[in-house]
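Structure, as C-alpha cells:
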Amino acid sequence: MARILRAAATVTALSTALAACGGGDGDGGKHVAAGASATATAAPSGTPSAAPSGTIVWGPCTDIKRPGGQPPARSERAQQCGKLKVPLDYTRPDGESIDIAVIRVKASGPGKRIGSLVFNFGGPGASGVDTLAQAAKAFTNLNRRYDLVSFDPRGVGRSSGVRCGGNAMMDKFTSMNTLPTNDADRAEIRQTTREFTTACGQTSGRLLPYVGTVNAAADMDRLRAALGERKLNYFGISYGTQLGAVYATRFPKNVGRFVLDAPLDPSVSLADRTMVQTKGFQQAYDAFLKDCVQEPGQCEIGTDVTLANKNVEKLMDDLRDEPLKVGGRTLTQGLAGTGIAAALYSEMTWPLLDQALGQAIKGDGRILLAMADSYNGRLPDGSYTTLMSSFPAISCVDTAERPTPEQLATVEAETMKVSPLFGGSGMGLICSMWPVPGSDEARRVNATGSAPIMVIGGTGDPATPYEWAPKLTSELRTGVLVTYKGEGHGAYLSGDACIGKVTDAYLIDGKVPAKGVTCSNS
C-alpha cells in the first residue's frame, strides 16, 4: 500500500509540470466528441485598440490549490494575488465585464529588476495562478530579475471558468471508452459527448462565445498595461505558444522578450493536428517501451518490446470489456489511455508508467487511475477543476471547422492505422457539434514588426511534435528557432542545461539565439 501511495503522490506532484506544459494539448482531443446545437455570437473580429491601464489590487493569495486540490503546506510571502477587470465582449467594451485572476511572485534579486515576465503554462485550460504558485522555484534564475506573473485565462478556473454539468457528467465523459471497435461503440461515444456538450451549453452558454484565444490575447495586453509595462515579456508553453503568437500578431509593437516552448502550429486543420499528435504519442510510447526493457528484469510489463506492447494491448482490450474495480470506482479503457498519455509527457514519469501498467495487468488499477485523475483535473473529493471543460470550450471557439461524420470517420481510420492505442477522431468530433460557432482568427499568425521571438521545439515531444516548431517560426516572420534533441513535452522544464542557458541569456541579457542553435539532451 505504501508503494501505491507514494506513486500516486508522485504523479500528483509532477502534474503541475506535466499539465502545465499542456495537459490538454495532446491526448485530450482523443477523449472528446460531439455535442448539442445552439446559436451565439462568434468571437469578435478586428484588432482591439491599445489597452487602457486597468488596476490590480494586490493582496495575499488565499485560495491556492495544489494539484491534488489541497492548499499548500505554507503560504509564500513573495506571492501576491489580485484581479483585473476586462470586457466580456470586446465589441462592447463598456458592457458586461469579468474578472481575470492574476498572481505575481516579486523579483528576489540580486541584480536590477528587468520588469514582469508573464507566463501561460498551457492547456488550454490550465490554471496559471495555481501552476505558478507551485512551480515558481523552477524559474528561480528568472525570478531574480523578473516579477513572475501568471493568470487564469478567461473561461479557466477563477476567471469565469467554464463548467459542463456536474461531477457525474464529468465522470461519465472522462471515463468513456475511446477506442471503438464497432458502430455500437461509436454511437455510445457520440451519445455521451452529446450529453456533455449539451451540459456545457446549459451551464456556461453565456460565456462560451467569448473564451477564445483572440480575446485572451486582448486580456493579456490589458494585463501588460496594468502591470505598468511598455512591452510584454512573455514565456508561453504548449498552448501558451499559440496565445503568445496571437498576441504578437495583434500587438506586434508591444512584444518584448518572448519565449515560445513546445509550440503549436495554429494553422493546421483539426484532422492534421490529430494525425500529427497521434504519431507523436506513438513515438513517445515506442521510446518508453525501448527504455523500459533496456535493463534485463527491470521492466514490469515485459522482457522485450514486442511482449511489453502485447501485454499493454491485452490490458486495454480487457478493460474495454470488463473495467477494473478500484474502490467504489472503475478503471475503464478510456481512463487507462488517459493515464498512459499523461505519463508520456515526461521521461521522469516513465518508471511510474511501467509500475502502473504492471500493477494494472495484475489486476490493480489504482496508480493508473490516479494518473488519469490528475490529468483530467479530478480531485480526491470527486469534484473537477475546469480543465476538461475549458479545454474544448477554448479549442472549439478557436476554429470555424465543424467536420462532417464522413470526415471524422476518415480521420479515425487513418489514425488507428498509425496507432491502435492513440488513434481516434480527435477534437474534430466534439467541435463538429459544439454549442457555439467558432472563428479562424486564432489560426492566422504573422508577427511582422515585432521584436525577435524565441521558439523552442523538442524532437521527442509527443503533444506538440517537432515539425510544428519550424512551421510556427516561419509563420511568425520574426521567430528564431532553437532545437532541443530530447524526450518530453517542453524543453525548459526538462532541466536541460543548454536550453536553460540559451533561454536565460535571451530573457535576462537580451541575447537573441543564433540561427540553428541545437541542444542535445545528454
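What you find for D373 and R329 is that their closest heavy atoms are OD2-NH1, 2.6 Å. For P323 against T330, the heavy-atom pair with the smallest separation is CB-CB, 3.8 Å. Minimum interatomic distance between L481 and A469 (heavy atoms only, all atoms of both residues): CD1-CB, 3.7 Å. Between H489 and P462 the shortest heavy-atom distance is N-CD, 4.1 Å. The two residues T178 and I189 come nearest to each other via the heavy atoms CA-CD1, 4.2 Å.
For the pair S432/L408, a side-chain contact is recorded, criterion being any heavy-atom separation below 4.5 Å from C-beta on. Contact of the Y285 side chain with the F422 side chain is registered, since non-hydrogen atoms from C-beta on lie closer than 4.5 Å. Between M275 and V411, every side-chain heavy-atom pair lies at or beyond the 4.5 Å cut-off. A 4.5 Å side-chain heavy-atom check between N376 and L335 finds at least one atom pair inside the cut-off. L315 has its side chain out of reach of I301: every pair of non-hydrogen atoms, C-beta onward, lies at least 4.5 Å apart. Contact of the S269 side chain with the R443 side chain is registered, since non-hydrogen atoms from C-beta on lie closer than 4.5 Å. Residues T174 and T338 are not in side-chain contact: their nearest non-hydrogen atoms beyond the backbone lie 4.5 Å or more apart. Annotation: side chain of R273 is not in contact with side chain of M427 (no heavy-atom distance under 4.5 Å).
Of the possible donor and acceptor atoms, none in the side chain of N120 sits under 3.5 Å from a partner among the backbone N and O of G236. With hydrogens and angles disregarded, a donor-acceptor distance shorter than 3.5 Å links the side chain of S390 to the backbone of G155. No donor-acceptor pair under 3.5 Å is formed between the side chain of Y239 and the backbone N or O of G125. A donor-acceptor pair under 3.5 Å is absent between the side-chain atoms of Q79 and the main chain of V105, judged by distance alone. Between the E401 side chain and the L270 main chain, a donor and an acceptor come within less than 3.5 Å of each other. Remark: the backbone N or O of L179 is paired with a side-chain donor or acceptor of Q333 at under 3.5 angstrom. Put simply, the side chain of S116 never gets that close to the backbone of D147: no donor and acceptor are under 3.5 Å apart. Side chain of T415 to backbone of G424: a donor-acceptor contact under 3.5 angstrom is found. Between the D440 side chain and the T399 main chain, no donor and acceptor come within less than 3.5 Å of each other.
Less than 6.0 angstrom separates the ring centroid of F281 from the ring centroid of Y345. F139 and Y492 have their aromatic ring centers within a separation under 6.0 angstrom.
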Start with the C-alpha gap between T483 and Y466, add the side-chain angles, then the distance that decides, and say whether side chain to side chain donor-acceptor pair (under 3.5 Å) holds. CA-CA 8 Å; T483 297; Y466 179 75; 2.6 Å; yes
For salt bridge (charged side-chain N to carboxylate O under 4.0 Å, His left out), just list the numbers for K362 and D364, CA-CA rounded to whole Å, side-chain angles, deciding distance to a tenth of an Å, and then say yes or no. CA-CA 6 Å; K362 296 173 184 175; D364 186 343; over 6 Å; no
Under the criterion salt bridge (charged side-chain N to carboxylate O under 4.0 Å, His left out), I'd like the reasoning laid out for K314 against D317: C-alpha separation, chi angles, the key distance, then a yes or no. CA-CA 5 Å; K314 183 179 185 303; D317 288 340; over 6 Å; no
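When only modelled atom types and interatomic distance are considered, T478 and S450 share a side-chain donor-acceptor pair under 3.5 Å. Side chains of S127 and D152: a donor on one and an acceptor on the other come within 3.5 Å. Side-chain atoms of D398 and T213 include a donor-acceptor pair closer than 3.5 Å. Between the side chains of T181 and D185, a donor-acceptor pair is found at a separation under 3.5 Å.
The neighbour count for K279 NZ, taken as heavy atoms of other residues, nucleotides or ligands under 6.0 Å away, does not exceed 12.
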